[in-house]
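Values below: all heavy atoms of this structure, side chains included; hydrogens, waters and symmetry mates excluded.
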Amino acid sequence: MGVLVAGIAAYFLFSRLFPVDSNLRAALDRQNAGEQKIQEQNDYAGALADFQAATEFQPQDSDAWLRLGATQQKVGDKSGMEESFKRARALLATDGEFDLARGQIYLTLNMLDEAKAAIDAGLAANPESALGYYTLSVIYESRGQMREALETLQRAADLAEAQDQAQLTALARYRLAMLMQQMQGQMAAPPTPTPTP
């Protein structure tokens, strides 16, 4: 799961403009600290302060508000979640873009059911989103649904290539090759013998 999420994170990092200003660097540091608390300790409550600080450093960053809103949702702060998602939505062009972005954030925070629902909604609004299909493939793989992961990853690669998204095309094709190799290895492995009493 960590490697898959790292792939999405790398895509976003390369798509950002550099050099990074001090406020953006501080926001990224706080976001990373919050995500680390969630990944290593499942500590959503502890991550709230980090994500809140990130929105203060970068109030025009929709991802910061989405991270905060998703975490508030996880800990049961419905009013806080609604306000954070409202702030994020105001920074994005369409509902479909909002759903796709929210799905990616849910995925990075290990909220797979929420991620799947948001990505499905985003793809319904924007069925040509290569990144949406890539994210959906990661969700399927995380759930062990390998056939679905392969199909959506192939769709992501094809769309990214048709849309001249070189970085995403390369990433999707690499993940596709790795996933196919992994599945072939599992099929070739001899069955584990059942112990006899």
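Applying the salt bridge (charged side-chain N to carboxylate O under 4.0 Å, His left out) rule to pairs touching residues 104-115 yields Asp113-Arg143, sequence neighbours excluded. Residues in residues 124-133 take part in these salt bridge (charged side-chain N to carboxylate O under 4.0 Å, His left out) pairs, two or more places apart or across chains: Glu128-Arg155.
In terms of the salt bridge (Lys or Arg N to Asp or Glu O under 4.0 Å) criterion, Asp29 has no residue partners (sequence neighbours excluded). Qualifying salt bridge (Lys or Arg N to Asp or Glu O under 4.0 Å) partners for Lys74, counting only residues two or more places apart in sequence or in other chains: none. Evaluation of the salt bridge (Lys or Arg N to Asp or Glu O under 4.0 Å) rule for Glu151 yields Arg147 as partners, not counting sequence neighbours.
Using a 4.0 Å cut-off between a side-chain N of Lys or Arg and a carboxylate O of Asp or Glu, Arg173 and Asp158 qualify as a salt bridge. At a threshold of 4.0 Å, the pair Glu56-Arg30 does not count as salt-bridged, since none of the basic side-chain nitrogens sits closer than that to a carboxylate oxygen.
Nearest heavy atom pair, residue Gly34 against residue Ala47, reads O-CB, 3.5 Å.
Between Leu100 and Leu131 there is no side-chain heavy-atom pair separated by less than 4.5 Å. Using a 4.5 Å heavy-atom cutoff, the side chains of Leu112 and Leu107 are in contact.
Residues Ile38, Tyr44, Leu48, Phe51, Trp65, Leu66, Leu68, Met81, Phe85, Leu91, Leu92, Phe98, Ile105, Tyr106, Leu109, Met111 make up the rest of the hydrophobic cluster containing Val75, defined by ILVMFWY side-chain heavy atoms closer than 4.5 Å, directly or through other members.
Of the possible donor and acceptor atoms, one in the side chain of Gln39 sits under 3.5 Å from a partner among the backbone N and O of Thr108.
With hydrogens and angles left out, the side-chain atoms of Gln52 and Thr55 include a donor and acceptor closer than 3.5 Å.
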